[in-house]
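Inspection log for the structure reproduced underneath, given as structure tokens.
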Amino acid sequence: MNLIRINDLSRDTLEDLLQQASFFSKSPLSTHSILKNQFIATLFFENSTRTRFSFEIAARRLQAEVLNFDADSSSEKKGESLYDTLKTFEAMGVEAAIIRHQDESIWQDLQLPMKLINAGTGIQSHPTQALIDAFTLYQHFGKVEGLKVAIVGDIPHSRVAVSNRECLTKLGATVTEWTPPLFADDKPSQHWEELLPELDALMLLRVQHERHQQTVGVESYLQQYGLTSERFHKLAAHAVIMHPGPFNRGVEIESSLCYHPRSLIFNQVQNGVLMRMAILKKVLQS
Ligand code: CP
């Protein structure tokens with residue numbers, strides 16, 4: 001099996017991954033010989049901290065050998081295609097490739113025996129982040145089914161929003177999305193703070209400055225559309241804050257809320273390793 005999009009996976013597979021990540025969470029620093037002597041390549045054509053390093057740590061915890069492809073110093077610069085790069089790795093004995101790329105259409109040309117994992121492509125998909133977020137909710141609430149989750153922010157540029165909508169909905173949560181008017185063609189009928197009292201989880205999204213043609217005014221964004229302390233107090237007492245990261249402090253979230261006891265932002269990071277261990281096991285053993 002490959003892991004390209006959430007919608008390619010059944011609910012049973014999503015639930016298996018939650019259970020496997022739960023199992024790994026019982027001894028989060030342990031290593032397992034599950035992928036011993038197997039080679040995995042990471043190919044990141046867009047920047048990353050969390051996804052790249054958590055995959056690398058996850059692979060090492062499973063005792064796999066990890067090769068980091070650097071596009072700038074590779075034969076891609078001599079014109080080698082992604083397909084031929086992967087065929088080259090395959091010929092050397094690499095069994096799986098973890099790919100982040102700006103172009104979602106790459107997947108249609110990559111029919112290979114090698115296992116493929118999507119580490120975020122374009123503005124369309126980031127399935128492993130969505131699985132991490134679902135696991136973080138599952139760990140905190142003991143379930144995903146029935147939760148009310150709002151995703152708020154730069155949704156038109158967010159691959160995380162697409163994959164989270166697919167994943168959380170498939171697991172039985174109710175997902176509401178809200179886009180600030182400056183990113184939306186239509187003015188929303190209500191301000192998102194009206195949603196707050198009903199929610200179990202509020203998922204904020206980064207303003208993706210690098211994908212905007214015009215500069216977004218960061219000072220006014222927090223006051224108009226970000227999570228301020230005042231808005232935070234409108235959430236129910238049990239509700240939690242999430243953000244896939246990296247976050248723009250003082251833009252989509254007030255700085256002091258990033259480390260609030262009801263912020264799961266760093267639980268999401270921690271769970272990145274556990275869920276990616278579960279994903280590597282599932283994909284490589286399928
Ligand atoms: N959430 C996420 O994908 O972060 P990185 O871009 O740092 O990998």
Side-chain angles (χ1 to χ4, degrees), residues 3-6 17 21 40-61 66-72 96-104 106-107 116-140 149 151-168 175 177 201-212 227 240-249 251-253 257-259 263-280 283:
L3 203 169
I4 309 299
R5 289 181 202 87
I6 290 290
L17 288 165
I40 296 172
T42 66
L43 298 88
F44 279 69
F45 296 90
E46 279 191 346
N47 295 346
S48 170
T49 299
R50 274 148 286 273
T51 310
R52 179 175 172 162
F53 289 100
S54 61
F55 260 123
E56 183 158 348
I57 293 167
R60 287 171 182 235
R61 290 244 166 89
V66 184
L67 307 173
N68 288 302
F69 170 84
D70 172 22
D72 285 339
I98 298 163
I99 306 171
R100 171 168 288 191
H101 204 278
Q102 55 281 5
D103 183 0
E104 174 80 3
I106 57 165
W107 301 114
L116 300 175
I117 298 176
N118 177 353
T121 37
I123 57 172
Q124 282 90 359
S125 55
H126 197 351
T128 67
Q129 181 66 49
L131 283 159
I132 291 162
D133 298 344
F135 177 58
T136 304
L137 287 166
Y138 177 73
Q139 194 179 48
H140 186 82
V149 181
I151 306 177
V152 170
D154 192 357
I155 287 172
H157 296 100
S158 177
R159 55 193 175 208
V160 172
V162 176
S163 293
N164 257 304
R165 182 193 313 135
E166 293 174 358
C167 186
L168 294 175
V175 178
E177 295 177 14
L202 172 64
M203 198 176 283
L204 299 162
L205 298 175
R206 183 172 72 85
V207 177
Q208 306 224 0
H209 296 288
E210 72 279 17
R211 298 190 203 273
H212 288 277
L227 186 66
V240 295
I241 316 166
M242 300 173 76
H243 193 308
F247 48 81
N248 294 306
R249 251 172 212 279
V251 182
E252 60 265 3
I253 181 166
L257 295 173
C258 298
Y259 295 97
S263 160
L264 300 185
I265 294 173
F266 287 90
N267 302 56
Q268 290 169 270
V269 177
Q270 201 167 31
N271 288 336
V273 175
L274 301 170
M275 178 48 82
R276 286 176 173 130
M277 287 168 75
I279 289 165
L280 288 171
V283 169

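Atoms within each ligand, like the ligands themselves, are counted from 1 in listed order.
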Relative to the ring of Phe266, is the ring of Phe247 parallel (under 30°), tilted (30 to 60°) or perpendicular (over 60°)?
perpendicular
For the ring pair Phe53 and Phe44, is the centre-to-centre distance below 6.0 Å?
no
Does the cation-pi check pass for Arg276 over Phe55, that is, NZ or CZ under 6.0 Å from the six-membered ring centre and within 45° of its axis?
yes
Qualifying residues under ring pair (Phe, Tyr, Trp, His ring centres under 6.0 Å), relative to His140, sequence neighbours excluded:
none
Among all residues two or more places apart in sequence or in another chain, which pass the side-chain contact (heavy atoms from CB on, under 4.5 Å) test with Arg50?
Pro246, Val269
Provide, line by line, the atom pairs where ligand 1 and the protein bring an N/O atom each to a distance under 3.5 Å; else say none.
unit_1	atom_1	unit_2	atom_2	d
ligand 1	1 (N)	Gln129	OE1	3.1
ligand 1	1 (N)	Pro244	O	3.0
ligand 1	1 (N)	Gly245	O	3.0
ligand 1	3 (O)	Thr51	OG1	3.0
ligand 1	3 (O)	Arg100	NH2	3.0
ligand 1	3 (O)	His126	NE2	2.8
ligand 1	4 (O)	Arg50	NE	3.0
ligand 1	6 (O)	Arg100	NH1	2.9
ligand 1	7 (O)	Thr49	N	2.9
ligand 1	7 (O)	Arg50	N	2.9
ligand 1	7 (O)	Arg50	NE	3.1
ligand 1	7 (O)	Arg50	NH2	3.2
ligand 1	8 (O)	Ser48	OG	2.6
ligand 1	8 (O)	Thr51	N	2.9
ligand 1	8 (O)	Thr51	OG1	2.6
ligand 1	8 (O)	Arg100	NH2	3.4

For Ala96, all residues meeting side-chain contact (heavy atoms from CB on, under 4.5 Å), sequence neighbours excluded
Ile40, Lys115, Leu284
